[in-house]
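Remember, it's 1-based here, ligands and their atoms both numbered in the order they're listed. Start at 1 with the first residue, then count along the sequence. Side-chain atoms are counted along with the backbone in the values below, which use heavy atoms only and exclude waters and symmetry mates.
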Amino acid sequence: MSAEPRRTVLVGVTGSIAAYKACELVRLLVQDGRRVVPVLTPGAERFVTRETFEALARNEAPRDIYPHLTSAHLLVVAPASANTLAKLAHGLADNVLTEAALAFAGPVLVAPAMNVRMWEHPATRANLETLLAHGVRVIGPEAGELAEGETGLGRMAEPQAIATLCRELLGQAPGSLAGKRVLVTAGGTREPLDGVRFVGNRSSGRMGVALAEEAHRRGAEVTLVASNISVALPSGVEVVEAPTAADVGRETLARADVDVILMAAAVADYRPAEPRDGKRTKDSEMWSVTFEPTDDVLAELGRRRRNGQILVGFAADEGERGVDRAREKLAAKNGTFFVFNDVSRSDIGFDADQNEVTLVSRDGERTISKRDKREVAVAILDEVASLLGGG
Ligand SMILES: Cc1cc2nc3c(=O)[nH]c(=O)nc-3n(C[C@H](O)[C@H](O)[C@H](O)COP(=O)(O)O)c2cc1C
């Protein structure tokens, strides 16, 4: 029983050994009540037949795609070959699928499948970056056994997982945060030791910037409190510079009357108690510095939190005890949920492109597996949107 309108999904299939798995995806989408329009590349037809898809979709694979473009709600390309990824990244339109992708204005999901060396090739990496920057969603690939007896990253995500993400994307309107005001803190604070030196941390601001961009994409009015961000600042977002912990506290508390606060910045817990004026010149003496604790901005926001406001804390911690500590912080600071990431790992978190996080709420925990920070931002804002009732 569902009141949801019947939604149309264009399913693009390309010339990969994983093309047979797209049959199962189409079956699952049809089972979900979707209207599926299969779109096969000539490459795909070397592996699977158009008739199989037409039978599963109970719909013809159209020769003229244009009438379907305006009525479709989602384009999913599964499997997406290295070749088609490259074409999508560069806007080529030389077959029915790439033409459709270029002319389609709705959300696009790709599920790459290829040999591990193709996947790791700098050309594919760059194409993927371009696609992510264009707002394309990517699922997988996964590690496992590949064609020709190889193992590695390159297997297409399972049809069940793709179908689940399709469900999310079809429910998630681009304007799911329209009319909402969102405040994001990002970056790492720097606490002065003297006129030229500081104590800082390795946060690049990438995670917070991704959150600000995604909230803006969903129609929110976004303010970004930025602490020494080393990545490009997002457009369409108000940016307020806040280099130190005291600046973050002042600027955030002054703007806290919003619907959602995402505290992604790495704010110093301690700062030099007596920073010197001017530069300390070098001599042979020891230099002892006493640190004092900074104000806990998140706890103050928690105290001031009004009914219905979503307050999300970020906990950069180490190892397995980190989730327990995030749970304790959630209770102590009156947050809605905490995003825990393990900073003892060098492949995720601080100054890395990817992150793996665990969302810790009063109802339990949910791990968002390792992925690009933009994809983590999508998952976090899906959670926020569903808490606000707009997901
Ligand atoms: C047996 C076989 C398996 C292939 N599997 C893949 C694959 O998994 N991923 C991929 O990117 N290319 C794969 N290719 C290469 C593509 O089929 C080729 O690049 C083709 O031009 C893709 O066209 P399309 O993207 O328009 O469908 C395979 C080729 C052969 C012969």
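- Salt bridge status for Glu191 with Arg197: absent, with no side-chain N to carboxylate O gap under 4.0 Å.
- Contact annotation for Ala113 and ligand 1: only backbone heavy atoms (N, CA, C, O) come within less than 4.0 Å of the ligand.
- Of the protein's heavy atoms, Phe47 CZ, 3.5 Å lies nearest to atom 2 (C) of ligand 1.
- Near Gly15, meaning under 4.0 Å from any of its heavy atoms, are these atoms of ligand 1: 6 (C), 12 (N), 13 (C), 14 (N), 15 (C), 16 (C), 17 (O), 24 (P), 27 (O), 28 (C).
- Distances between N or O atoms of Thr14 and those of ligand 1 include no value under 3.5 Å.
- In summary, the atoms of ligand 1 found under 4.0 Å from a heavy atom of Met114, numbered by their order in the structure, are 7 (C), 8 (O), 9 (N), 10 (C), 11 (O).
- If you look at Thr41 next to ligand 1, the close heavy atoms, those under 4.0 Å, all belong to the side chain.
- Distances shorter than 4.0 angstrom do not occur between any heavy atom of Ala18 and any atom of ligand 1.
- For ligand 1, the polar-atom distance check finds an N/O of Ala82 within less than 3.5 Å of one of the ligand's N/O atoms.
- Contact check on Arg155 versus Glu158 returns a salt bridge, with a Lys/Arg side-chain nitrogen under 4.0 Å from an Asp/Glu carboxylate oxygen.
- Looking from atom 8 (O) of ligand 1 to the surrounding protein, the closest heavy atom is Ser16 OG, 2.8 Å.
- Between Arg217 and Glu214, at least one side-chain N (NZ, or NE/NH1/NH2) sits under 4.0 Å from a carboxylate O, which counts as a salt bridge.
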* **Working for side-chain contact (heavy atoms from CB on, under 4.5 Å), residues Thr124 and Glu120** => CA-CA 7 Å; Thr124 306; Glu120 286 174 354; over 6 Å; no

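- At a 3.5 angstrom cut-off on N or O pairs, Asn83 counts as close to ligand 1.
- Remark: Arg325 does not engage Glu328 in a salt bridge, criterion side-chain N to carboxylate O under 4.0 Å.
- Within 6.0 Å of the CG atom in Asp324, the count of heavy atoms belonging to other residues, nucleotides or ligands exceeds 12.
- Regarding atom 5 (N) of ligand 1, its nearest protein heavy-atom neighbour is Ile17 N, 3.3 Å.
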Ignoring hydrogens and angles, write down the donor-acceptor pairs under 3.5 Å from the side chains of residues 100-118, residues two or more places apart or on other chains.
| from | atom 1 | to | atom 2 | distance (Å) |
| --- | --- | --- | --- | --- |
| Asn115 | OD1 | Arg117 | N | 2.7 |
| Asn115 | OD1 | Met118 | N | 3.3 |
| Asn115 | ND2 | Glu150 | OE1 | 3.0 |
| Arg117 | NH1 | Glu150 | OE2 | 2.5 |

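- Counting atoms of ligand 1 from 1 in the listed order, those under 4.0 Å from a heavy atom of Met118 are 10 (C), 11 (O), 12 (N).
- Using a 4.0 angstrom heavy-atom cutoff, Met156 does not count as in contact with ligand 1.
- Hydrophobic cluster membership of Val289, counting Ile, Leu, Val, Met, Phe, Trp and Tyr whose side-chain heavy atoms lie under 4.5 Å apart directly or via other members: Leu193, Val199, Tyr270, Trp287, Phe291.
- Crowding of Glu292 atom CD: a count of heavy atoms from other residues, nucleotides or ligands under 6.0 Å exceeding 12.
- What sits closest to atom 31 (C) of ligand 1 on the protein, heavy atoms only, is Arg46 NH2, 3.5 Å.
- Between Leu253 and Leu301 the shortest side-chain heavy-atom distance falls below 4.5 Å.
- Annotation for ligand 1: atoms under 4.0 Å from non-hydrogen atoms of Gly43 are 27 (O).
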